[in-house]
Structure formats: structure tokens, C-alpha cells
Amino acid sequence: MAKELKELTSRSDNYSQWYNDLVIKADLAENSAVRGCMVIKPYGYAIWEKIQAELDRMFKETGHVNAYFPMFIPKSFLSKEAEHVDGFAKECAVVTHHRLKNSPDGKGLIVDPDAKLEEELIVRPTSETIIWSTYKGWIQSYRDLPILCNQWANVVRWEMRTRLFLRTTEFLWQEGHTAHATEAEALEETKKMLEVYADFAERFMAVPVIKGVKTANERFAGALDTFCIEALMQDGKALQAGTSHFLGQNFAKAFDVTFMDKNNKLDHVWASSWGVSTRLIGALIMTHSDDNGLVLPPSLAPFQVVIVPIYKNEEQLALISEKVAEIVTKLKALGISVKFDNNDNKKPGWKFAEYELKGVPVRLAMGARDLENGTVEIARRDTLTKETVSLENIEIHINELLKEIQKNIFQKAFDHRASVTREVNSYDDFKVEIEKGGFLLCHWDGTPATEELIKEETKATIRCIPLEGDKTPGVCMVTGKPSVQRVVFARAY
RNA sequence: CGGGAUGUAGCUCAGCCCGGUUUAGAGUGCACGUCUGGGGGGCGUGAGGUCGCAGGUUCGAAUCCUGUUAUCCCGACCA
């Protein structure tokens with residue numbers, strides 16, 4: 001494996017560069033031949049698979065089923081919901097033809113003008129429109145409701161500027177699209193999925209999040225309300241980690257999806273949609289990792305334990321392998337994923353550095369010395385500490401250690417967030433404080449105009465109106481008008 | 001779409017200002033051999049390049065000029 005750049009840019013030196021370096025060097029992804037699109041490499045994809053597996057389980061547990069809809073959307077569909085088209089029109093990839101032919105001058109291929117599509121197709125930036133046009137055929141009665149579908153898919157948004165995982169032209173995500181008979185039920189669904197996301201973020205990603213609702217400015221195009229989970233990165237910038245939208249009857253009206261209710265009355269269907277994307281991997285990286293590389297939560301690490309043998313010859317390796325096999329069996333019995341790296345092409349020192357860079361939570365090293373003493377060296381990634389322990393009940397020790405690492409990195413992220421979250425009461429203070437990063441809890445008069453002004457002057461946005469916590473009213477830090485509660489400001493990715 | 005930068009070996013880059021001792025280099029990676037092995041190891045040998053592309057200037061261009069194309073970084077826009 002080629003690792004030319006041995007040294008990572010430090011976070012304090014250049015956080016942005018550190019992130020870019022880390023994604024490449026930890027072998028998570030790389031830029032592709034297609035501008036703005038990334039290749040997710042096996043190690044990075046393995047993390048995505050872990051994320052998928054857990055979320056998929058959680059979705060099914062909450063009554064959802066998977067389905068798949070086309071990646072192409074007839075152009076006319078997109079324009080049916082007025083706000084929706086406004087939100088996405090500027091970043092759509094458009095299919096206009098369906099055939100190529102040899103260039104008359106003999107050089108390469110050209111688009112065959114005879115193969116022009118009657119109606120252009122949009123590569124989905126999100127699937128509300130194609131799904132709601134489909135749901136129209138599925139729904140006649142309240143007995144057909146609710147519909148609780150999720151799809152795992154790729155989407156395309158033609159962004160001007162991209163960054164690996166955080167914003168790519170094409171990205172992988174899941175999008176849930178649900179249809180309900182009542183407003184209350186759709187709203188309940190929206191909130192339920194927000195809880196699922198928050199639970200996943202905190203328990204599996206070890207990323208503490210604030211649950212909240214977006215302001216009108218930040219709302220999803222076509223939604224009545226957008227709920228979100230907001231995370232805080234180590235550099236003090238916020239990252240939206242997931243959204244759950246209450247769509248009201250907007251899409252049902254746009255696509256004329258009606259149903260007969262229990263009283264034989266025709267009504268439009270109520271909707272929610274919700275999604276998280278490969279951006280979560282970006283959140284994972286920027287929350288936990290350090291200047292030595294990636295730090296992965298045990299719950300999502302492609303493998304939780306790596307074992308490195310240290311030997312002088314084949315005989316020693318054979319003896320070590322035998323001992324290691326016992327440990328592997330015990331670990332696997334506890335559901336712990338483990339990799340024994342007996343690759344002879346790399347030296348132990350190289351492997352240590354490599355697995356540190358890749359964020360493997362626990363590393364074991366076993367050599368002749370350990371064989372003699374019945375011990376093994378355990379190194380934990382989060383604290384970079386090492387200890388030599390007895391092999392007796394080693395699997396129990398490691399199991400506990402993994403739990404502790406999971407807890408520790410969450411706590412570390414939680415403490416960091418707490419340390420850079422503060423209440424600010426005057427706009428003058430705000431302008432100073434926002435430069436330092438972090439979440440600022442401030443009173444705001446609830447108007448888009450004030451929000452816009454703050455954004456223009458400070459580049460800070462309202463990340464969300466938090467659902468939990470202090471609800472004391474006050475006065476807007478800018479206009480002095482009444483404020484219902486403090487809202488969360490930050491500069492964001 | 002504005003601003004900045006860069007295309008030279010698989011990768012990271014030097015050489016370019018000031019054209020000719022450069023037969024185009026280094027590090028790293030790769031192949032083979034060997035000594036090694038508790039934190040990216042040492043020695044030796046070897047393979048690997050139309051210097052992004054197209055023109056131009058010149059006796060001579062990686063180097064100067066023009067055009068073109070691609071990518072990266074920083075902003076504005078967005079998950």
C-alpha cells in the first residue's frame with residue numbers, strides 16, 4: 001500500500017488540510033476522474049456499510065421497508081412543487097439524449113442529435129417527486145396508509161465546490177418517504193425519525209448532537225418544517241448531520257395524491273421525508289480524529305481489533321499464530337471483529353503507524369516475549385496508551401475496553417462541545433465570539449430579515465431552534481424585539 | 001461565478017526566473033537479493049518519463065511566448 005505522505009498536516013496548522021490529508025491517507029476515499037465525484041475506497045466503504053447496517057436495522061425496527069425508485073426524474077415532475085423546484089433547479093444534472101455515435105471526422109464520439117429525448121430527465125437530487133408520482137397509484141383509501149418506505153440510493157447535486165464526504169456531486173444516502181392519513185401522524189413520524197437519527201449519532205457514531213427545527217430560511221425546499229440534528233466539529237464549525245422533514249400536504253397536492261378517509265371524505269395525504277448521507281463519515285472524522293490519524297468509534301470500525309505479530313522467523317510466527325488463533329476465537333465469540341495482520345511484507349512498526357492512521361480502536365501486539373510470559377500488549381487508539389496484560393480473560397478485558405473507548409470518545413466530544421457552547425446576549429459580543437467558533441445560544445426575534453442580516457455580517461447561521469433545554473424568553477440581541485427562546489448560532493460546513 | 005495555484009516516473013515533488021554539463025533528476029513506492037524485525041529499518045541491484053495538450057520563437061525548449069484543457073485550494077451557494 002502506497003503511503004507516500006508520512007506526515008499528516010496538524011489540525012492546529014490547517015484544519016481543512018488536515019481533513020483532506022486524513023481522508024486520503026486513511027484510505028477512505030479519493031478524488032475520481034469525474035470532477036466533484038469521489039471514489040469511496042474499501043476501508044471507507046466498510047464504514048458506510050456499518051452505518052447502513054445499523055440504520056437499516058433501526059428503520060425496520062420502527063416499521064419501515066426498503067424499496068427502490070428510478071434515478072431519473074422527468075423534468076416536468078420537478079416543477080410541480082414550486083418551492084421544491086426553486087431549491088434544486090440550480091444544481092441538477094440533466095439527461096438530454098440517449099445515444100452517441102461516431103464523430104463524422106473520425107475522432108471519438110458525439111452525441112447523436114437524432115437521439116434527443118422528448119422530455120429531458122433529471123438525475124435525482126432527491127426523490128420526493130418521483131416517489132409521490134408513484135404513491136398516487138398506490139393510495140386510494142385510508143386503508144392503504146401509512147406507507148413507510150425507505151430507499152438506499154445515490155443522488156446528484158451539482159455543487160460548485162466539493163469536498164470528500166462533506167459535499168460531493170454524487171453522494172450515497174438513504175431517503176425515507178412516508179405517507180399518512182393525518183397531520184398528527186405525519187408529524188409524529190417526522191419526529192420519530194429525528195429521534196432515530198439522534199440516537200444513532202450518539203450511540204453509534206459517538207457524536208453528540210443537538211436536536212432542533214430549522215428556521216424558514218434553512219428549511220428543505222417544499223417542507224413545512226425541517227427537523228435536524230446538528231453536530232459540532234473540532235474546529236468549532238457546525239455540521240448538519242441529518243434531517244427529517246414534515247412535508248404537510250405539499251407533495252400530495254402537487255401530485256394530486258388523495259385518499260378517502262373513514263368518513264368517506266376525500267383528503268390529501270400527509271407526508272414526511274428524512275435522510276442521512278455519506279456526509280456522516282465526514283462528521284465521524286472531524287469529531288474524533290487527531291493529528292495521528294483517524295479515530296473510529298468501536299461501534300462503526302470496520303474491524304475493532306487488529307493483532308500484529310512480532311517475530312524473527314517462521315517458527316516464531318507459527319507459535320504466535322497458534323496463540324493468536326485462540327484469542328481470535330474468543331473475541332469472535334463475543335461478536336468482536338478482529339484482523340490478524342500476519343502480512344510479512346510490512347514491519348511491525350509500519351503496521352503500528354498504519355493502524356493508528358486508520359483509527360482501529362484496539363491494537364494487540366504479540367511477540368516472543370509475550371509468548372514466554374503469557375501476555376499481550378494492548379494499545380488503545382483514543383488515548384494512545386499501551387499496557388501489557390495477561391492473556392487470561394483477555395477477551396473480556398478487550399470487550400470492556402471497546403465499550404470504554406466508545407464511551408470515552410463520546411464524552412470527549414461532548415465535553416468539547418460544552419466548552420465551546422455559550423450564551424451570548426449582545427450583538428457586539430456575538431461578533432467577537434463567533435470568530436472563536438462553537439455554538440452560540442442567543443435570542444433572536446424570529447424574523448428572516450434579522451437572520452439574514454446576521455448571516456451577511458458574520459457568516460453565522462441559525463443551525464436550529466433547539467427542541468430541548470432552556471426555553472426562557474428574552475429579547476433579540478440585534479433588534480431588541482421579544483424572543484421566545486434562545487436559538488443555536490454557528491458557522492457551518 | 002469571483003480570487004489564488006498547479007499539471008515533469010505509480011505517488012510527492014525539484015529543475016523553469018537566467019534556453020545549451022541533464023544522456024531529464026530526487027525521495028518514496030515497485031521487483032529481486034540480503035541482513036533484519038517490540039514504532040513507518042539497513043545495504044545492494046533493477047525496471048519505470050512522448051516534462052498536460054496544440055501552436056509559435058530559436059541552431060537548440062521541461063525552461064521563453066500564445067492558446068487550450070484538466071485539477072486543486074480559498075470565497076459566494078448547498079446535505
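In the text below, chain A, chain B and the rest are named by the order of the sequence lines, each starting its count at 1. The analysis underlying the following values was restricted to heavy atoms, covering all of them including side chains, and did not include hydrogens, waters or symmetry mates.
- Base pairing of C17(B) is not made with any nucleotide, judged by Watson-Crick or G-U wobble geometry with both donor-acceptor distances under 3.5 Å.
- If you check every strand for non-hydrogen atoms under 4.0 Å, Ser16(A) touches sugar and phosphate atoms only.
- Comparing the same atom, C1', in A70(B) and in A61(B) gives a spacing of 23 Å after rounding to whole Å.
- Taking the P atoms as reference points, G29(B) lies 7 Å from G41(B), given to the whole Å.
- Judged by the 6.0 Å distance and 45° axis criteria, Lys214(A) is not positioned over the aromatic ring of Phe220(A).
- Nucleotides C53(B) and U34(B) have their P atoms positioned 41 Å apart, rounded to a whole Å.
- Between Glu170(A) and Arg35(A), it is Arg35(A) whose nearest contact on RNA chain B lies nearer the 5' terminus.
- Between Lys358(A) atom NZ and G40(B) atom C1' the separation is 14 Å, expressed in whole Å.
- Note on Arg363(A): a base of the nucleic acid sits closer than 4.0 angstrom, heavy atoms only.
- Using a 4.0 Å cut-off between charged nitrogen and carboxylate oxygen, Glu83(A) and Arg219(A) do not count as a salt-bridge pair.
- A gap of 13 Å separates the P atoms of C65(B) and U6(B), to the nearest Å.
- Here, C13(B) and U8(B) have their P atoms 9 Å apart, quoted to the whole Å.
- A side-chain hydrogen bond (donor to acceptor under 3.5 Å, both in side chains) with Gln234(A) is found for one member of Arg417(A), Arg11(A), His416(A), His288(A) and no other, namely Arg11(A).
- Cation-pi check for Lys346(A) over Trp350(A) is met; the charged atom lies under 6.0 angstrom from the ring centroid and within 45 degrees of its normal.
- For the OP1/OP2 pair of C72(B) and a distance below 4.0 Å, the side-chain nitrogens and oxygens of Asn20(A) include no atom meeting the criterion.
- Nucleotides A14(B) and U22(B) are separated by 13 Å at their C1' atoms, to the nearest Å.
- Glu218(A) and Thr461(A) are not linked by any side-chain donor-acceptor pair at a separation below 3.5 angstrom, with hydrogens and angles left out of the test.
- A salt bridge links Glu404(A) with Arg380(A): at least one charged nitrogen is closer than 4.0 Å to a carboxylate oxygen.
- Thr168(A) comes within contact range of at least one nucleobase, with a heavy-atom separation under 4.0 Å.
- Between Trp173(A) atom CH2 and C78(B) atom P the separation is 16 Å, expressed in whole Å.
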Going through the distances and angles, do Lys211(A) and Glu230(A) end up as a salt bridge (charged side-chain N to carboxylate O under 4.0 Å, His left out)?
CA-CA 7 Å; Lys211(A) 289 175 283 188; Glu230(A) 290 286 327; over 6 Å; no

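- Judged by Watson-Crick or G-U wobble contacts below 3.5 Å, the nucleotide G44(B) has C32(B) as its partner.
- In this structure, the CH2 atom of Trp158(A) is 19 Å from the P atom of C78(B), given to the nearest Å.
- For the C1' atoms, the distance linking U28(B) with A62(B) amounts to 22 Å, nearest Å.
- The nucleotide C77(B) finds no pairing partner, because no Watson-Crick or G-U wobble arrangement with both distances shorter than 3.5 Å includes it.
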Tabulate atom names and distances for all N/O pairs under 3.5 angstrom spanning the protein and nucleotides 32-38 of chain B.
unit_1, atom_1, unit_2, atom_2, d
G37(B), O6, Lys312(A), O, 3.4
G37(B), N2, Asp344(A), OD1, 3.4
G38(B), N7, Arg369(A), NH1, 3.4
G38(B), O6, Arg369(A), N, 3.1
G38(B), O6, Asp370(A), N, 3.3
G38(B), O6, Asp370(A), OD2, 3.1
G38(B), N1, Asp370(A), OD2, 2.4
G38(B), N2, Ala365(A), O, 3.4
G38(B), N2, Asp370(A), OD2, 3.4

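- Pairing of C72(B), defined by two Watson-Crick or G-U wobble distances under 3.5 Å, is identified with G4(B).
- Not a single salt bridge (Lys or Arg N to Asp or Glu O under 4.0 Å) links Arg124(A) to another residue, sequence neighbours left out.
- Of the residues in residues 214-247 of chain A, those lying under 4.0 Å from RNA chain B by heavy-atom distance are Gln240(A).
- Going from atom CZ of Arg491(A) over to atom C1' of A76(B) covers 14 Å, rounded to whole Å.
- Seen from the ring of Phe77(A), Lys80(A) counts as a face-on cation partner, given the 6.0 Å and 45° thresholds.
- When the C1' atom of C78(B) is taken as reference, atom NZ of Lys459(A) falls 16 Å away, rounded to whole Å.
- The OH atom of Tyr493(A) sits 18 Å away from the P atom of C78(B) (whole-angstrom rounding).
- Geometric assessment of Arg157(A) against the ring of Phe171(A) yields a negative cation-pi assignment under the 6.0 Å and 45° thresholds.
- Rounded to whole angstrom, the span from the CZ atom of Arg167(A) across to the C1' atom of C73(B) amounts to 15 Å.
- Separation of the C1' atoms belonging to A9(B) and G46(B) is 14 Å when rounded to the nearest angstrom.
- Here G41(B) presents its C1' atom at 14 Å from CH2 of Trp350(A), a figure rounded to the nearest Å.
- Ring geometry for Phe200(A) versus Phe204(A): interplanar angle under 30°, hence parallel rather than tilted (30 to 60°).
- G49(B) is unpaired under the Watson-Crick or G-U wobble criterion, no partner having all donor-acceptor distances under 3.5 Å.
- Nucleic acid contact for Glu356(A): base, since at least one base atom lies under 4.0 Å from a heavy atom of the residue.
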